[in-house]
Novice: 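Below you'll find the structure I mean.
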Amino acid sequence: MVIFFVASYALGVLSYGVVAPSGLFVPIILTGATYGRLVAMLLGGRSGLDHGLVAILGSASFLGGTLRMTVSVCVIILELTNNLLLLPLVMLVLLISKTVADSFNSSIYDLILRLKGLPHLDGHAEPYMRQLAVGDVVAGPLRSFGGVEKVGNVVHTLRTTGHHAFPVVDEPPFSPAPVLYGLVLRAHLLVLLKKREFLVAPERCPKEYVAERFQAEDFDKRGSGKQDTIADVVLSPEEMEMYVDLHPFTNTSPYTVVETMSLAKALVLFREVGLRHLLVVPKACDRSPVVGILTRHDFMPEHILELHPVLLRSRWKRLRWQRGAMAKYFRSLIVWVANSG
């Protein structure tokens with residue numbers, strides 16, 4: 001049994017590590033059941049526990065500790081065994097395994113996202129985020145455009161940065177004072193450069209001029225691998241000295257937050273609305289109309305702790321099993337059992 005446990009565990013790690021389409025659910029059930037039966041065999045005659053029962057609890061513990069799934073795992077095991085008498089034991093095993101695992105690290109899926117460098121945001125804010133304001137995590141320098149910008153400046157900014165959106169700030173003579181006009185996307189700027197609809201003088205274009213030369217299909221989102229790049233844009237020196245009007249192509253109602261807003265509240269807004277960019281505006285009126293722009297990367301714990309290393313000493317691990325989560329978990333199970341009966 002020990003050899004089978006080691007072999008199944010090693011093969012499960014190998015098959016999942018090589019990104020083979022073998023899945024992880026069944027290997028965990030098999031390894032957990034082997035572990036449970038091994039524990040029952042070690043106890044021997046000193047306990048009257050059934051080996052099959054302990055094997056089921058072992059598979060539940062491995063699933064709860066690895067995948068961090070609770071209600072779904074409990075329902076699956078009860079459906080497999082067709083025995084509601086196992087409900088208290090399975091709930092207790094899942095509670096213990098998930099609580100212990102959460103005190104050490106994240107789930108296997110969160111770890112894989114971190115290894116691949118994907119900026120995945122959790123559904124909760126870390127405790128230290130309540131001590132920070134939005135302005136504390138804004139990293140510069142900020143790249144912005146005027147309402148009517150020189151083509152050479154646009155090309156230079158796109159070539160030297162990888163940002164996907166830029167604030168548009170209107171300045172005199174297009175406004176009495178510098179004011180935030182909106183947000184323009186990198187993909188839309190590439191469309192404008194490829195169309196070569198430039199202006200000789202820095203002036204605004206009439207709406208009829210834009211409607212005649214651009215269609216909605218020109219700004220459709222392309223599929224994966226078909227995105228335009230700045231390397232595809234080739235302009236002459238004369239065109240680089242011309243101007244482009246960004247007003248008709250700017251989102252004039254982007255989401256904005258004040259720089260003194262709590263970072264935890266900004267994270268909730270960013271995640272619940274499904275934003276990709278969040279503009280930060282100053283609290284005082286005598287400053288630049290835009291302080292910075294927040295993306296998913298700015299809310300990552302690694303980025304925040306790198307800017308504020310003092311938080312490493314005050315950061316504490318929070319168990320996911322809070323009172324509200326436990327009540328919701330048991331309530332869902334009771335409702336499912338009542339419906340099944």
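The analysis underlying the following values was restricted to heavy atoms, covering all of them including side chains, and did not include hydrogens, waters or symmetry mates.
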Novice: So for atom CZ, which belongs to Phe145, do other residues, nucleotides or ligands contribute more than 12 heavy atoms lying within a distance under 6.0 Å?
Specialist: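 Counting neighbours around CZ of Phe145, more than 12 heavy atoms of other residues, nucleotides or ligands fall under 6.0 Å, so yes.
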
Novice: Contact between Val73 and Leu67 at the side-chain level, heavy atoms closer than 4.5 Å - yes or no?
Specialist: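 A side-chain contact is absent here, since even the closest heavy-atom pair is not under 4.5 Å.
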
Novice: Where the side chain of Arg186 meets the backbone of Leu158, is there a donor-acceptor pair that is under 3.5 Å apart?
Specialist: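 Yes.
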
Novice: List for me each residue that meets salt bridge (Lys or Arg N to Asp or Glu O under 4.0 Å) alongside Glu239, sequence neighbours excluded, and say none if there are none.
Specialist: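 Arg196.
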
Novice: Kindly say whether Pro254 contributes a backbone atom to a donor-acceptor pair with the side chain of His277 at under 3.5 angstrom?
Specialist: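 No, the answer is negative, given that no donor and acceptor are paired below the 3.5 Å cut-off.
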
Novice: Going from NE2 on His247 to CZ on Phe174, what distance comes out if it is rounded to the nearest 0.5 angstrom?
Specialist: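 If we round to the nearest 0.5 Å, His247:NE2 and Phe174:CZ are 6.5 Å apart.
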
Novice: Could you walk me through whether Leu192 and Lys195 pass the side chain to side chain contact (heavy atoms under 4.5 Å, CB included) check?
Specialist: CA-CA 5 Å; Leu192 295 180; Lys195 286 281 189 177; 5.9 Å; no

Novice: Please output the side-chain donor-acceptor pairs of residues 2-9 that fall under 3.5 Å, not counting sequence neighbours, one pair per line with the distance.
Specialist:
from : atom 1 : to   : atom 2 : distance (Å)
Ser8 : OG     : Phe4 : O      : 3.0
Ser8 : OG     : Phe5 : O      : 3.0

Novice: So, taking the atom named CG in Asp298 and the one named CG in Leu263, what distance separates them when rounded to the nearest 0.5 Å?
Specialist: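 It is 9.5 Å, given to the nearest 0.5 Å.
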
Novice: Any side-chain to backbone donor/acceptor pair from Glu149 onto Gly146? Under 3.5 Å, distance only.
Specialist: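 Yes, the answer is positive, given that a donor and an acceptor are paired below the 3.5 Å cut-off.
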
Novice: Hydrophobic clustering (ILVMFWY, side-chain heavy atoms < 4.5 Å, transitive) - are Leu269 and Val291 grouped together?
Specialist: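 Val291 clusters together with Leu269.
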
Novice: Is Phe25 linked to Val13 within one hydrophobic cluster, defined over Ile, Leu, Val, Met, Phe, Trp and Tyr using a side-chain heavy-atom separation of less than 4.5 Å?
Specialist: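 Looking at the clustering, Val13 is in a separate group from Phe25.
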
Novice: Hey, can you pull the donor-acceptor pairs under 3.5 Å for the side chains in residues 255-262, sequence neighbours left out?
Specialist:
from   : atom 1 : to     : atom 2 : distance (Å)
Glu259 : OE1    : Arg287 : NH1    : 3.3
Glu259 : OE2    : Lys283 : N      : 3.3
Glu259 : OE2    : Arg287 : NH1    : 2.5
Ser262 : OG     : Ala264 : N      : 3.3

Novice: What distance separates Leu267 CG from Arg296 CZ, expressed to the nearest 0.5 Å?
Specialist: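 Going from the CG atom of Leu267 to the CZ atom of Arg296 covers 9.5 Å.
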
Novice: Show the nearest heavy-atom pair for residues Ala101 and Gly65, with the distance to one decimal.
Specialist: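 Answer, listing the atom of Ala101 first, then Gly65: CB-O, 3.5 Å.
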
Novice: Using the rule that Ile, Leu, Val, Met, Phe, Trp and Tyr join whenever any side-chain heavy atoms are under 4.5 Å apart, tell me whether Leu180 and Leu278 fall into a single cluster.
Specialist: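 The answer is no; the residues belong to distinct hydrophobic clusters.
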
Novice: Please determine which of Leu24, Ile28, Leu113 meets the side-chain contact (heavy atoms from CB on, under 4.5 Å) test together with Ile108.
Specialist: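 Filter result, single survivor: Leu24.
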
Novice: With sequence neighbours left out, what residues match Thr250 under side chain to side chain contact (heavy atoms under 4.5 Å, CB included)?
Specialist: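 With neighbours one apart ignored, the set is Val168, Tyr181, Val184, Leu246.
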
Novice: If you compare all heavy atoms of Ile77 against all heavy atoms of Ala60, which two are closest, and at what distance to 0.1 Å?
Specialist: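 Scanning both residues, the minimum pair turns out to be CD1-CB, 3.2 Å.
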
Novice: Counting only N and O atoms by type, is there a donor-acceptor contact under 3.5 Å from the side chain of Thr66 to the main-chain atoms of Leu63?
Specialist: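 A pair under 3.5 Å: no.
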
Novice: If you look only at pairs with a residue in residues 51-73, which of them pass as a salt bridge (Lys or Arg N to Asp or Glu O under 4.0 Å), with sequence neighbours excluded?
Specialist: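 For residues 51-73: Arg68-Asp102.
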
Novice: Take a 6.0 Å sphere around NE2 of His156 and say whether it holds more than 12 heavy atoms from other residues, nucleotides or ligands.
Specialist: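 For His156, atom NE2 is not crowded (no more than 12 foreign heavy atoms under 6.0 Å).
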
Novice: Under a 4.5 Å side-chain heavy-atom rule over Ile, Leu, Val, Met, Phe, Trp and Tyr, are Leu121 and Val268 clustered together?
Specialist: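 Each belongs to a different hydrophobic cluster.
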
Novice: Run the side chain to side chain contact (heavy atoms under 4.5 Å, CB included) test on Met242 and Leu235 for me, step by step, so that the C-alpha distance in whole Å, both residues' side-chain angles and the decisive distance to 0.1 Å come before the verdict.
Specialist: CA-CA 11 Å; Met242 299 179 72; Leu235 301 176; over 6 Å; no

Novice: Measure the spacing between CE of Met69 and CD1 of Ile76 and express it to the nearest 0.5 Å.
Specialist: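 Here the rounded value is 6.0 Å.
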
Novice: Starting at CG of Asn153, measure out to CE of Met240 and round the result to the nearest 0.5 Å.
Specialist: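 One gets 8.5 Å once the value is rounded to the nearest 0.5 Å.
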
Novice: For Asp170 versus Ser175, what's the shortest heavy-atom pair and its separation?
Specialist: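 The pair with the smallest heavy-atom distance is O-OG, 3.1 Å.
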
Novice: So, does Ser59 use its side chain to make a donor-acceptor pair with the main chain of Ile56 at under 3.5 Å?
Specialist: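 Pair found, side chain donor or acceptor close to backbone of Ile56.
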
Novice: Answer yes if Val148 and Val169 sit in the same cluster of Ile, Leu, Val, Met, Phe, Trp and Tyr residues linked by side chain heavy atoms under 4.5 Å apart, and no otherwise.
Specialist: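 The answer is no; the residues belong to distinct hydrophobic clusters.
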
Novice: Heavy-atom distance under 4.5 Å between the side chains of Glu241 and Lys150, does that happen here?
Specialist: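 Touching, per the 4.5 Å side-chain cut-off.
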
Novice: Identify the two heavy atoms, one from Phe198 and one from Leu193, that lie closest to each other, and give their separation to 0.1 Å.
Specialist: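 Looks like CZ-O, 3.9 Å.
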
Novice: Would you find more than 12 non-hydrogen atoms of other residues, nucleotides or ligands less than 6.0 Å from Asp232 atom CG?
Specialist: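 Correct, the count exceeds 12.
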
Novice: Looking at Val137 and His303, what are the two nearest heavy atoms and their distance?
Specialist: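 Where Val137 meets His303 most closely, the heavy atoms are O-NE2, 3.5 Å.
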
Novice: Given side chains that start at C-beta, do those of Thr229 and Leu190 come closer than 4.5 Å, heavy atoms only?
Specialist: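 Sidechains of Leu190 and Thr229: no contact.
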
Novice: Rounded to the nearest 0.5 Å, what separation is found between the CG atom of Leu80 and the CD1 atom of Ile29?
Specialist: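 Between atom CG of Leu80 and atom CD1 of Ile29 there are 6.5 Å.
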
Novice: Specify the closest pair of heavy atoms between Phe62 and Gly32, including all atoms of both residues, with the distance to one decimal.
Specialist: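 The pair with the smallest heavy-atom distance is CG-CA, 3.6 Å.
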
Novice: Taking side chain as C-beta onward, heavy atoms only, is Leu199 less than 4.5 Å from Cys205?
Specialist: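 With C-beta onward as the side chain, the pair touches.
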
Novice: Does any part of the side chain of Glu197, heavy atoms only, come nearer than 4.5 Å to the side chain of Val244, both counted from C-beta?
Specialist: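 Not touching, per the 4.5 Å side-chain cut-off.
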
Novice: Phe249 vs Leu185, test: side chain to side chain contact (heavy atoms under 4.5 Å, CB included). Steps then yes/no.
Specialist: CA-CA 9 Å; Phe249 314 98; Leu185 298 180; over 6 Å; no

Novice: Please enumerate all residues that pass salt bridge (Lys or Arg N to Asp or Glu O under 4.0 Å) together with Glu203, with sequence neighbours excluded.
Specialist: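 Counting only residues at least two positions away or on another chain, Glu203 forms no salt bridge (Lys or Arg N to Asp or Glu O under 4.0 Å).
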
Novice: Heavy-atom distance under 4.5 Å between the side chains of Pro167 and Leu279, does that happen here?
Specialist: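 Sidechains of Leu279 and Pro167: in contact.
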
Novice: Pair Ser253, Asn251 - check side chain to side chain contact (heavy atoms under 4.5 Å, CB included), show working.
Specialist: CA-CA 6 Å; Ser253 57; Asn251 177 17; 3.4 Å; yes

Novice: When you compare the side chain of Ser106 with that of Arg114, does any pair of heavy atoms fall below 4.5 Å?
Specialist: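 SC-SC contact between Arg114 and Ser106 confirmed.
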
